[in-house]
Visitor: 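Have a look at the structure that comes next, please.
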Amino acid sequence: MTTLLYTHPACLEHDSGRHHPESPARLRAVLAALEQPEFSRLERHEAPEATLDDLARVHPRRHIGRILDAVPKSGHVGIDADTVLSSGSGAAALRAAGAVVAAVDAVIGKKADNAFCAVRPPGHHAEPERAMGFCLFNNVAVGALRAREVHGLERVAVVDFDVHHGNGTQAAFETDDSLFYASTHQYPLYPGTGAASETGMGNIVNVPFRPMSGSSEFRVGVTRRILPALDAFRPELMLVSAGFDAHQSDPLAQLMLEESDYTWITEKLLEIADRHADGRLVATLEGGYDLRALASSAAAHVRVLMSA
Ligand SMILES: [Zn+2]
């Protein structure tokens, strides 16, 4: 079986301004790393655009319209202090969500075991009715609801190892116990949510870490809190919000993870997928702002997916 890679050139055309950390160079760095010969077996696909019906399982249609209507013909328009649109942002956001939809369809359709979506803008801060934190639509949540409502899956899990809490995914999931969300993140840090006491209907597991926490705290937290909860939930599909900004080189946060930690957690999540979900796992890129650390960490993640 193969690992699928979904991306699209339109994801390079979302431009938040010259000094914005969420830059097209991030995606170029990830794609360049995945051009190395060891990744030649990746089966590469162009991401389709998500349909309005796909987005509307997470976001109210009026909100979707407001976001797409705000996309400028030229120049930049800010939705909030750090979420900025350019002329290419609408198409990029539709491709980013569409990548996860297509990957979910392919993995459930047994075309591959697993998939990685190399896309931007990221999605995990996007709440159902609020774009924020560099995110327009919640790509991973759109994929989760596609799996449940189109494919009839009864239990879908998202694990989010981005250094920031995925407030948007939590907001989309916290009143629906067919969905499960677990996050490791630095705390306190943007966006301010993600305390361990936030548990939804018992389907939310937040594992916050103090600044300067490193590999051992991370692995203990995942092993004690997240893996047993996933085994209890028994997901039929494992989705991953794969942000790489907990790496020690990242400029936006102060967790001290290393590339080997991304290898480790990917192996653990594949084991869960193998036990409960027939191996089905779809990962999508979230943050990661040191270009070199982002590229090598994403490569480490995909290397494990290909070994499944
Ligand atoms: Zn992040």
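Remember, predicted model here, so these are calculated numbers, not experimental data. Counting starts at 1 for both ligands and their atoms, in listed order.
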Visitor: For the Zn ion (ligand 1), which N, O or S atom of Asp162 is at the shortest distance?
Guide: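 Of all N, O or S atoms in Asp162, the Zn ion (ligand 1) lies closest to OD1.
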
Visitor: State whether His164 contributes an N/O/S atom found under 2.8 Å from the Zn ion (ligand 1).
Guide: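 A backbone or side-chain N, O or S atom of His164 is under 2.8 Å from the Zn ion (ligand 1).
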
Visitor: Among all residues two or more places apart in sequence or in another chain, which pass the salt bridge (charged side-chain N to carboxylate O under 4.0 Å, His left out) test with Arg280?
Guide: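 Once residues adjacent in sequence are excluded, Arg280 has no partner under the salt bridge (charged side-chain N to carboxylate O under 4.0 Å, His left out) criterion.
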
Visitor: Got a sec: does the CZ of Arg275 have more than 12 other heavy atoms crowding it under 6.0 Å?
Guide: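 Enclosed.
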
Visitor: Search all heavy atoms of Ala293 against all heavy atoms of His247 and return the closest pair with its distance.
Guide: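 Nearest pair, atom of Ala293 first, then His247: CB-ND1, 3.4 Å.
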
Visitor: For N/O/S atoms only: which one belongs to Asp245 and is nearest the Zn ion (ligand 1)?
Guide: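 This turns out to be OD2.
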
Visitor: Of all residues at least two apart in sequence or in a different chain, which pass the side chain to side chain donor-acceptor pair (under 3.5 Å) check with Arg303?
Guide: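 Arg303 satisfies side chain to side chain donor-acceptor pair (under 3.5 Å) with Glu38 once adjacent residues are dropped.
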
